[in-house]
There are 2 protein chains.
Amino acid sequence: MAADTDLKAKPGYNPLYRQVKQRLVDRMASGDLPPGAVLPSEHELARELEVSQGTVRKALAELTAENLLVRQQGRGTFVAEHDQQRTLFQFFKLRPDGGSIQWPEPVFSRLASRRASTREREMLELPSGATVWRILRQRAIGDCTDVVERITLDKARFPDLDAHKPLPNNIYRLYEQAYGQTIVRAAEELRAVPARADDAEALGCRPGHPVLKIDRTAFGITGDVIEMRESTCLTDRVHYLSDLR
Amino acid sequence: MAADTDLKAKPGYNPLYRQVKQRLVDRMASGDLPPGAVLPSEHELARELEVSQGTVRKALAELTAENLLVRQQGRGTFVAEHDQQRTLFQFFKLRPDGGSIQWPEPVFSRLASRRASTREREMLELPSGATVWRILRQRAIGDCTDVVERITLDKARFPDLDAHKPLPNNIYRLYEQAYGQTIVRAAEELRAVPARADDAEALGCRPGHPVLKIDRTAFGITGDVIEMRESTCLTDRVHYLSDLR
DNA sequence: TAGTGGTCTAGACCACGCC
DNA sequence: GCGTGGTCTAGACCACTAG
């Protein structure tokens, strides 16, 4: 058997179940197991990969904990999708004061492209001279606009994005279904800043009013930076919820 | 055997390993297994509780994932403590811009007590007329003060807190060691607001300057609300980091 | 060298979804 | 009834720590 296909090559250093995990991640990243796909049963996987069912189980359990898989007793194991619920709970942290989580209403959306800035090139690992998509969105959680979002994407990774206008509210589902790019993790930096004139107008506050600026970096299944997003939020009727556990 | 001590009472509805888990949590909450204590080995626990080692293992794995236990190959299983690293990584989300995580320097601290407000009574589940401790702290992440914290505690749960003055920087360790109250989880609500006059003076900014207000509710091992904390942060040289995964 | 947790296996039985 | 994942068991071997 070739070395790189032998799961038991280095039992001590890299446990078998991690190698099983990596194989499954590779199949997901390559498009062989697209979002929503059914995986073979534990029993079948164990036979295919020549390991015990318990080892497969441990790999599947970790992938489920990382939100890459969804398992349902009696039905099977599925590659996780950005359905409404998942995107909302995992990637949307703004809540109306005193109310419960809900999808924000789209108010305005614009798509344009331009040359990448130095910072964008660094973050998205783009060559010099590369171009990016730039999406401007305004969304409402309560009655009026309380978030302005500026999203930056590598144009090479998302060709012909303008063919998908109007862009859907759940844009991560579009990344996933039209481009095979699944967002699995993101890091956000939050700061309180004075509102810029243009944001103030959109949000219906005076320039300089305190607003919450959220800088998000979103990562794909292979760890690449897929999206950069700057959100500016009026927190008069809305707050950002962070769970520490 | 009495029904409430029979682990196998309801195998289908409540799995054995969850019952094992609950028993261990109970022992931690009662003080029988205080922070830092060594647990019996998997083998011993299995014998004591009359379940298999694999079932004990699953219970211990979940408790480890929830940060209630720490396991080390070759050494043993320990009840988690609020050592410097844990408190910092799990419960402190402010980072200097462009720098890495570090403990904030204490600048000022004051302890007082007063009657609980209506909101405090609701959140902390206190009877009317109850009194609370109120801690005011100022801390610095960079060169100058950038966080003002107001902490509220049930005076009945933390008797003679004034005997521990000056209060340590890692106050969760004090809750744990002096009062057997371990903070295991917290929820934070973030908003951008104009700085109050007193906060502005402490933070060295003008009144009305945008500051990040963080309302924390911290929970103990049994799910009770142990602490309420309002932090006001100048995010000119510092930001709040939120990991979405 | 003894004891701990970490990995891996093999197999039994149960709960759930679907046909 | 059949196939799925979920639970539980029993036991082997490995890796790490400490005396």
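Below, chains carry the letters A, B, ... as their sequence lines are ordered, and counting in each starts from 1. The structure displayed is predicted, hence computed values, not measured ones.
- Atom C1' of nucleotide dG6(C) and atom OH of Tyr17(A) are separated by 8 Å, given to the nearest angstrom.
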Donor-acceptor list for residues 54-61 of chain B side chains, cut-off 3.5 Å, not counting sequence neighbours:
from: Thr55(B); atom 1: OG1; to: Ser52(B); atom 2: OG; distance (Å): 3.3
from: Arg57(B); atom 1: NE; to: Glu42(B); atom 2: OE2; distance (Å): 3.3
from: Arg57(B); atom 1: NH2; to: Glu42(B); atom 2: OE2; distance (Å): 2.8

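- Proximity note for Ser41(A) (side chain, C-beta onward) versus dT4(D), dT9(D), dC8(D): the nearest is dT4(D).
- Only Arg71(A), Gln72(A), Gln73(A), Gly74(A), listed by number, bring a heavy atom of residues 68-75 of chain A to less than 4.0 angstrom from any atom of DNA chain D.
- For Tyr179(B), the ring pair (Phe, Tyr, Trp, His ring centres under 6.0 Å) partners are Phe158(B), His164(B), not counting sequence neighbours.
- As a whole-Å value, the separation of Leu16(B) CG from dA15(C) C1' is 15 Å.
- Spacing between atom CD of Gln19(B) and atom P of dT7(D) amounts to 12 Å, rounded to whole angstrom units.
- Relative to the side chain of Glu44(B), the nucleotides dC8(C), dC8(D), dT4(C) differ in distance, and dT4(C) lies closest.
- Per the geometry, CD belonging to Gln53(A) stands 14 Å off P belonging to dT7(D), to the nearest Å.
- Taking atom CD of Glu42(A) as the reference point, atom C1' of dC8(C) lies 15 Å away to the nearest angstrom.
- Partners of Asn169(A) according to the side chain to side chain contact (heavy atoms under 4.5 Å, CB included) rule, which considers only residues two or more places apart in sequence or in another chain, are Trp103(A), Pro106(A), Arg137(A), Arg139(A).
- Side-chain N/O atoms of Thr55(A) include one lying less than 4.0 angstrom from OP1 or OP2 on dT9(C).
- As a whole-Å value, the separation of Glu62(B) CD from dC8(D) P is 11 Å.
- Comment: Arg173(A) does not engage Asp83(A) in a salt bridge, judged by the lack of any side-chain N to carboxylate O separation of less than 4.0 angstrom.
- We find that Arg185(B) and Asp243(A) are joined by a salt bridge, their nearest charged nitrogen and carboxylate oxygen being less than 4.0 Å apart.
- The ring pair (Phe, Tyr, Trp, His ring centres under 6.0 Å) search around Tyr172(B) returns His82(B), Phe91(B), Tyr175(B), not counting sequence neighbours.
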Per-residue pairing states of DNA chain D in dot-bracket (Watson-Crick or G-U under 3.5 Å; . unpaired, | other strand) read ||||||||||||||||||.
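- Taking only side-chain nitrogens and oxygens, Thr77(A) comes nearer than 4.0 Å to OP1 or OP2 of dG5(D).
- Counting to the nearest Å, the P atom of dA10(D) and the CZ atom of Arg57(B) are 16 Å from each other.
- Residues that satisfy the side chain to side chain contact (heavy atoms under 4.5 Å, CB included) test with Val107(A), not counting sequence neighbours, are Gln138(A), Ala140(A), Thr145(A).
- For Ala29(B), the side chain to side chain contact (heavy atoms under 4.5 Å, CB included) test picks out Ile221(B), Thr222(B), with sequence neighbours left out.
- Protein atom NZ of Lys58(B) is 15 Å distant from nucleotide atom P of dT7(C), rounded to whole Å.
- Scored by the side chain to side chain contact (heavy atoms under 4.5 Å, CB included) test, Thr217(A) finds Met123(A), Phe219(A), Val225(A) as partners (sequence neighbours excluded).
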